[in-house]
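Quick note: numbers below take in every heavy atom, side chains included, and nothing from hydrogens, waters or symmetry partners. Keep in mind that what you see is a predicted model, and the values were worked out from it rather than measured. Ligands are counted one by one from 1 in listed order, and the atoms in each one are counted from 1 as well.
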Amino acid sequence: MNAIDTPAVHSGRIGPNAIIQTVQALRELYGAAGAAEVLARIGKPELRDARPASMIDERDFAELYHDLLQTLGRAATDRVMARAGALTSQYVMRRRIPRPVHWLLRALPRRLGMRLLLDAISRHAWTFAGSGRFSYQIGRAPVLALDNCLTARDLAADAPACAFYQAAFQGFLATLIDRRLRVEEVRCLACGAARCEFRVIEVTR
Ligand SMILES: [Zn+2]
């Protein structure tokens with residue numbers, strides 16, 4: 001992955017993609033007019049044409065997520081955030097990971113490829129996790145974890161709430177390692193767990 005300047009002290013800022021791709025997901029799922037209507041309903045009509053070029057305050061993304069939850073409900077918001085996460089991973093793979101690295105990761109033995117990919121994700125984690133903390137463990141059942149996850153903090157939910165990250169992680173792993181890999185959030189801070197944990201599983205078909 002290309003280097004992105006890492007601030008010496010983390011200030012709770014993340015890349016603009018989280019918001020840009022959430023708005024894009026709204027457009028895909030509701031059409032341009034529908035997306036504009038949703039953004040107007042949550043009091044953020046200016047996001048319709050938002051193209052922030054620099055880092056954003058992580059709280060803006062968390063607030064957008066909470067606003068969507070309140071307005072659209074859980075199921076619809078999950079669909080939006082899952083699409084936003086997938087779009088974010090596609091953007092990063094297209095713009096930040098050179099093609100030869102794609103080929104290399106896919107050609108390597110899976111565990112090695114996964115380790116290289118997850119190391120790279122760790123180095124850039126602040127761009128999507130903000131003041132949250134990304135870690136991973138590659139065992140028989142690989143697990144990715146987010147401490148103090150942005151989409152789970154200050155939220156109480158019956159089911160894991162971090163569809164954005166689940167979809168983004170799956171986008172990377174299924175595209176760059178093996179298309180049979182799926183990512184499932186199995187523990188979530190919003191459900192009372194100590195942190196959010198995402199299990200990597202392989203589907204047989
Ligand atoms: Zn979570």
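A salt bridge does not link D119 to R115: none of the charged side-chain nitrogens sits closer than 4.0 Å to a carboxylate oxygen.
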As a quick check of understanding, evaluate side chain to side chain contact (heavy atoms under 4.5 Å, CB included) for Q24 and R27, giving each step before the final call. CA-CA 5 Å; Q24 177 60 24; R27 265 193 222 107; 2.8 Å; yes
Check the pair F134, F169 against ring-ring contact (aromatic ring centres under 6.0 Å, His included), reporting the backbone distance first and the verdict last. CA-CA 11 Å; F134 172 81; F169 294 148; 5.5 Å; yes
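For the Zn ion (ligand 1), the neighbouring protein N/O/S atoms at less than 2.8 Å, given as residue and atom, are C162 SG, E185 OE2, C188 SG, C196 SG.
Surrounding CZ of R94 are more than 12 heavy atoms belonging to other residues, nucleotides or ligands, all under 6.0 Å away. The number of heavy-atom neighbours closer than 6.0 Å to CZ of R48, taken from other residues, nucleotides and ligands shown, is 12 or below.
One side chain, R153 or S131, offers a donor N or O that lies under 3.5 Å from an acceptor on the other.
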